[in-house]
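To start, the structure itself, in C-alpha cells.
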Amino acid sequence: MSVLPIGTVMKLTDLTARQIRYYEQQELIKPLRNEGNRRMYSLNDVDRLLEIKDYLDDGLNISGIREVYKKQSQLENERKHNLEKGLTDSDVRKILQDEFLNIGGLKPPSSSFEDPNNLNNLNKLNH
DNA sequence: CTTCTTACA
DNA sequence: TGTAAGCA
C-alpha cells in the first residue's frame, strides 16, 4: 500500500517535507519506512494530508485535528462493534428512534417494543 | 540526487 | 516553518 516517497507526496499535496514530517510527529499520519529508513506513503496518507490542509484552513489547530480523527476512529469502532453483534447501521437508527418515542411517553408500547427480536437488540446495544 | 535527523542568526 | 549541516 505505501509506495510513495516523500518527494512525490510533496508534489501531490503541495506541502513541504518539513510540514509532512511535522504532521507525522503530531501523529496525524503514520507512513511506513522502507529498508533504507525512507518514509513510504500510501494514497490514504495523501488524502489525509489534503484533509489536514483543509482543516487548517478552517482554523483548526493540530490538537483539534487530532481530536477529529480520534472521535472518528472512535465512532468507527462502535460501528464495527455493533456489526459484530449482528446490528446494521439502519438497525441501530431504528432502535434509537424507538427509544426516543418511548422515553417521551408519547407512544404506548408499540409493535416494535413488544417484538422479542427488538428487545433482544436493545439488550445487545446496552451492553 | 533524494531523504533523514538535529539544531537554530 | 524555513534552512543548513553531515550522513546514508
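What you see below is based on every heavy atom in this structure, not just the backbone, and it leaves out hydrogens, waters and symmetry mates.
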Quiz item: Reckon Arg39(A) has a side-chain N or O less than 4.0 Å from the OP1 or OP2 of dC4(B)?
Solution: yes

Quiz prompt | With sequence neighbours excluded, residues passing side-chain hydrogen bond (donor to acceptor under 3.5 Å, both in side chains) with Ser73(A) | solution = none

Quiz item: Rounded to whole angstroms, how far apart are CG on Leu15(A) and C1' on dG2(C)?
Solution: 14 Å

Quiz item: Should we say atom CG of Asp14(A) is surrounded by more than 12 heavy atoms from elsewhere, each under 6.0 Å from it?
Solution: no

Quiz item: Please give, in whole Å, the distance from dT1(C) P to Ile62(A) CD1?
Solution: 7 Å

Exercise. To the nearest Å, give me how far apart CD (Gln19(A)) and C1' (dC4(B)) are.
Key: 18 Å

Quiz item: Any side-chain N or O of Arg33(A) under 4.0 Å from OP1/OP2 of dT5(B)?
Solution: yes

Self-check item: Expected output: side-chain Asp45(A) to main-chain Ser42(A) donor-acceptor under 3.5 Å
Solution: yes

Self-check item: Side chain of Pro5(A) (C-beta onward), nearest among dT1(C), dT5(B), dT3(B)
Solution: dT3(B)

Quiz item: CG of Leu32(A) versus P of dT3(B): gap in Å, rounded?
Solution: 17 Å

Quiz item: Quick check: does any side chain N or O of Asp91(A) sit under 3.5 Å from a backbone N or O of Thr88(A), one acting as donor and the other as acceptor?
Solution: yes

Practice problem: Would you kindly give the CD1-to-P distance between Ile6(A) and dT5(B), to the nearest whole Å? | Solution: 9 Å

Practice problem: State whether Tyr41(A) places a side-chain N or O below 4.0 Å from either non-bridging phosphate oxygen (OP1 or OP2) of dT3(B). | Solution: no

Exercise. To the nearest Å, give me how far apart CG (Asn34(A)) and P (dT3(B)) are.
Key: 11 Å

Quiz item: Between atom CZ in Arg21(A) and atom C1' in dT5(B), what is the gap in whole Å?
Solution: 8 Å

Quiz item: Expressed in angstrom and rounded to an integer, what is the separation of Tyr22(A) atom OH from dT3(B) atom P?
Solution: 22 Å

Quiz item: Hey, what do you get for CD (Glu27(A)) to CD (Gln25(A)), rounding to the nearest 0.5 Å?
Solution: 10.0 Å

Write down the protein N/O and nucleotide N/O pairs, taken from nucleotides 3-8 of chain C, whose separation is under 3.5 Å; answer none if there are no such pairs.
unit_1: dT3(C); atom_1: O4; unit_2: Arg18(A); atom_2: NE; d: 3.2

Quiz item: Regarding Arg48(A) and the six-membered ring of Tyr69(A), is the cationic atom NZ or CZ under 6.0 Å from the ring centre and inside 45° of its axis?
Solution: yes

Quiz item: Going by heavy atoms in the side chains, are Leu12(A) and Leu50(A) under 4.5 Å from each other?
Solution: no

Quiz item: Reading DNA chain B 5' to 3', how would its secondary structure be written in dot-bracket notation, given Watson-Crick and G-U pairs with both distances under 3.5 Å, brackets [ ] for crossing pairs and | for partners on other strands?
Solution: .|.|||||.

Quiz item: Within a reach of under 6.0 Å around NZ of Lys70(A), are more than 12 heavy atoms found that belong to other residues, nucleotides or ligands?
Solution: no

Exercise. Mind checking the CD1-CG spacing from Ile52(A) to Leu28(A)? Nearest 0.5 Å is all I need.
Key: 4.0 Å

Quiz item: If only side-chain N and O atoms of Thr16(A) are considered, is one of them under 4.0 Å from the OP1 or OP2 phosphate oxygen of dT1(C)?
Solution: no

